[in-house]
Amino acid sequence: MFGFGKDDTHSLTMNQPHPDSLLDTGVQGVISKPLDRVDGPKKVTGTATYAAEYAIENCAHGVLVSARFGHGKITSIDADAVKAIPGVIDVITDYDTFIRNSQQGGETEAPTQGVRTVDYFGEIIAIVVAESFEVARDAAKRLKVDYEPLDGTFDYEANRAEAEPATDGLIKGHYDQGDFDKAFDGAAVKIDVTYTTPSQNSAAMEPHASIAVWEDGALTLYGAYQMPTSDAQQLAKALGVSQSKVRIISRYIGGGFGSKLGIAPESVAAAIAAKRLNRPVKAVMLRQQVFDATVRRSNTEQHMRLGAEAGGRIVALGHESITSNLPDEDFFEPVGIGTHFLYGGENRRINHDVVRLNWTLSGSMRAPGEAVGMVGMECAMDELAEAIGMDPIALRKVNDPEQDPELKVPYSSRALTRSLEEGAKHFGWDRRQAAGQRREGDWLIGMGVAAACRSNQLQQSAAKVELHPDGTATVSSAMTDIGTGSYTIMAQIAAEILGLPVEKVTMALGDTNDPPAAGSGGSWGAASAGSAVYLAAERVREKLAKAMGVDTDSLTLKDGMAIGDNRSVPIGELVGEDGLSAIGEIKPGAQEKQFNQASYGAHFAEVGVNIVTGEVRVRRMLGVFAAGRVLNAKTARSQCLGGMTFGIGTALTEDLIHDQRTGKLVNHDLAEYHVPVNADVPQLEVHFLDERDIHANPIHAKGIGELGISGAAPAVVNAIYNATGIRVREMPVTLDKLLDHLPAL
């Protein structure tokens, strides 16, 4: 994966803490500031080029064909009939070369292949290529496919008893510690409840799209992919070519949320078609195909059992989940991943089981595990607090452990209690009343709280920094920006270390011809690629000191000037005709095993529930977060706003519905799958706690993108209970689940 040729490489493996950071000693003053996105002007003027917008000469148009049955064997496809349509170039039905994408991200092997047998409704089975999109779309609709039906498994409830232990080789499907049964049976206070969440879709604004261009036996794919480096490896394996023959360019991505982690069917289809036709081919998924044939978040059933002492200390913690996926798929929604380390309790049972269904592929969606798993955990904590007669914040503080309760290692940093206390102060938690007690006209008003946590990960990544004779710099990496602000924060890191205004730094991201990176996923992007930029800029800084003849520690870089030994020299005069460059490479090391690394926070929500209609309105929402160094206050806040909006959707609106007869997604577009819109979202308030994590990486930052969604939904659900006294355990909390239980006028 990693190899850089002759460039000078500064590599760091995180085997030791990194207490000293140049970001603390830099004098340029741009790091952590709420700077506007450097890519913002291009996006608002429509000049940022997304996957489907590259102007490729002589490009044909491909439209994918979806299976219109839930499970069966294809017996024939009448390609000749649609080939006769004027403007149709070809119909490609090579079963063995289309794919069922794994979508877990980071894959380097070819995905599971072969769709002669269709396993779910909407699986891609062919691509029709024509001179125009309109002709290709019409021909794709006309394509006749014959098949032999097979017995499918489409009903979750009817098959949940067949659930099997989950494992993906990395996460333990079943975990027991101590004697859970004995501790739970003997607990002074017990909660035994089940929460459910439905399937969900990432619903990114930009549909999956690829343009494939072959030249001299090599493929260039313009696509919308979060992890180009590993995606190129995966695509090469799928096509049966060497990795050196595949280049992915993914400059701008219109949202991903996990759905663009791995390669999707349109990339392979476009590549095969382009090679066969010897001309470029563009394939853009229809919105319905994005829902049907990329990836969904699995539905979950979460059996929560909490046993506590009278004072609130948990002695038995049980979180047992059932999710679903296709047969033979390794991925499972890691529902209890945050439960492993969020609260104490010496007796623990955290299990994951999977039901095999002929439903759309289940895979990673924003904050896999915590986003839905914390609905069960944090709502159960609210119920436990109610049963004890204890304030929900006080209960969480009592159970805030000093070290990882399972691994018995220290936390690299942990600010859960501080987040709860700061949030309570800002939100006015002391004004919260008992359930069902606060009313304003026809509205019942309530407040809810939930903790937030998200595991922190460091992934091997690299970046190149070049300093030019004109005093400008270029930063390049296969890292991507999916709307999170990667272009901006990496420019800030380089600018801070090199003493340049941000506008003097040019960013080049999303091209696998540049140094490889882990990409955007798992909230590791900023810390991983950002650390690589840091290391490259640090090495360039050392070269500047050498060129100036001063010790590195005595060199000051500011506003394009190098200052040292009582001299001030323009940086451009020190770099020579060829400039200075270096590659930085970060690797995970022993620190990730010696410490539990995670980000923490707290969500607070106030809702109103109308006693006439059952309508729920989120009136206020506040989040407090601690995620190491905040690299850009504006982009970080934006990420948390997005996560909190996700949480509102999980709590109130999002429900991907499967037909129990065929597995078909009933609501597979943005008209019928209800994500929160502007009217559903109040003004959201975000606060960051000052924090540095010296065990995480040299820039002391941790992931924040998925922290904002973790715990957001249960804060809303707990507020609904506080408003009404009605405990809804089936997400989303729609008005029909409240109406019959609301008080009379």
Side-chain angles (χ1 to χ4, degrees), residues 67 69-72 100 103 117-123 149-168 173-174 193-203 258-259 291-304 319-336 350-365 368-369 371-377 379 649-651 653-668 672-674 713 717 728-734 736-737:
F69 53 94
H71 191 37
R100 176 192 301 148
Q103 285 291 337
T117 298
V118 169
D119 285 327
Y120 60 91
F121 200 106
E123 190 166 1
L150 295 174
D151 291 334
T153 306
F154 306 119
D155 189 333
Y156 170 81
E157 287 295 335
N159 291 278
R160 58 181 299 280
E162 304 301 318
E164 59 190 45
T167 179
D168 69 355
H174 282 205
V193 294
T194 298
Y195 280 82
T196 63
T197 63
S199 294
Q200 298 175 341
N201 187 270
S202 295
S259 71
F291 276 77
D292 289 340
T294 58
V295 67
R296 66 180 170 96
R297 192 200 297 278
S298 173
N299 58 308
T300 77
E301 178 181 333
Q302 304 176 45
H303 184 198
M304 304 299 310
H319 193 170
E320 298 171 272
S321 64
I322 303 175
T323 59
S324 65
N325 208 346
L326 288 162
D328 302 321
E329 290 290 339
D330 290 337
F331 179 85
F332 66 92
E333 183 75 20
V335 177
I350 304 171
N351 291 348
H352 299 82
D353 292 328
V354 178
V355 176
R356 300 298 175 183
L357 299 174
N358 294 110
W359 284 6
T360 297
L361 176 70
S362 167
S364 295
M365 181 173 152
V372 286
M374 294 188 73
V375 172
M377 185 70 243
C379 288
T650 295
T653 65
E654 295 189 46
D655 186 357
L656 197 58
I657 299 169
H658 304 263
D659 189 322
Q660 295 182 1
R661 300 163 298 177
T662 64
K664 177 183 179 181
L665 295 181
V666 176
N667 54 337
H668 57 173
E672 300 296 333
Y673 180 76
H674 294 158
V717 178
V728 180
R729 303 189 180 97
E730 178 188 356
M731 301 302 112
V733 185
T734 46
D736 55 297
K737 297 165 187 172

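Excluded from the calculations below are hydrogen atoms, water molecules and symmetry mates; all remaining heavy atoms, backbone and side chain alike, are included.
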Residues which pass side chain to side chain donor-acceptor pair (under 3.5 Å) with Thr653, listed by chain and number, not counting sequence neighbours: none
Test side chain to side chain donor-acceptor pair (under 3.5 Å) applied to Gln200 - qualifying residues, sequence neighbours left out: Arg297, Thr650
Nearest heavy-atom neighbours spanning Ala651 and Val717: CB-CG2, 4.0 Å
Residue from Thr197, Thr323, Thr196 passing side-chain hydrogen bond (donor to acceptor under 3.5 Å, both in side chains) with Thr300: Thr197
Arg296: partners by salt bridge (Lys or Arg N to Asp or Glu O under 4.0 Å), with sequence neighbours left out: none
Heavy-atom side-chain proximity of His319 to Met304 below 4.5 angstrom: yes
With sequence neighbours excluded, residues passing side chain to side chain donor-acceptor pair (under 3.5 Å) with Glu164: Arg356
Student check: side-chain heavy atoms of Leu656 and Phe291 closer than 4.5 Å: yes
Those residues that, when tested against Asp151, pass side chain to side chain donor-acceptor pair (under 3.5 Å) (two or more places apart): none
Contact summary for Gly70 and Asn358, nearest pair of heavy atoms: O-CB, 4.2 Å
Nearest-0.5 Å distance that lies between atom NE2 in His668 and atom OH in Tyr673: 14.0 Å
Any Glu333 side-chain heavy atom under 4.5 Å of Pro368 side chain: yes
Side-chain (Ser298) to main-chain (Ser324) donor-acceptor, under 3.5 angstrom: yes
Side chain to side chain, Asn325 and Leu361, heavy atoms closer than 4.5 Å: yes
Approximate separation, where rounding is to 0.5 Å, of Phe121 CZ and Leu665 CG: 9.5 Å
Qualifying residue, where the test is side-chain contact (heavy atoms from CB on, under 4.5 Å) with Asp353 and the options are Arg160, Glu320, His174, Glu162: His174
Short side-chain donor-acceptor distance under 3.5 Å, Asp155 and His658: no
Worked verdict on Asp655 versus His674 for side-chain contact (heavy atoms from CB on, under 4.5 Å): CA-CA 7 Å; Asp655 186 357; His674 294 158; over 6 Å; no
Gap between atom CE of Met377 and atom OH of Tyr195 - 0.5 Å precision: 11.0 Å
Check: Phe331 and Ser362 side chains under 4.5 Å, non-hydrogen atoms: yes
Within-4.5 Å side-chain heavy-atom neighbours: Val295 and Met365: no
Distance, nearest 0.5 Å, that separates CG of Leu150 from OG1 of Thr117: 6.5 Å
Side-chain donor/acceptor of Ser321 to backbone N/O of Gln302, under 3.5 Å: no
Closest heavy-atom pair and its distance - Phe332, Val354: CB-CG2, 3.7 Å
Side-chain touch His352/Thr167, heavy atoms, less than 4.5 angstrom: no
Any Asn299 side-chain heavy atom under 4.5 Å of Trp359 side chain: yes
Distance, nearest 0.5 Å, that separates OG1 of Thr194 from CZ of Arg729: 8.5 Å
Set of residues satisfying salt bridge (Lys or Arg N to Asp or Glu O under 4.0 Å) with respect to Asp659, sequence neighbours excluded: Arg661
Backbone of Glu730 reached by a side-chain donor or acceptor of Lys737 within 3.5 Å: yes
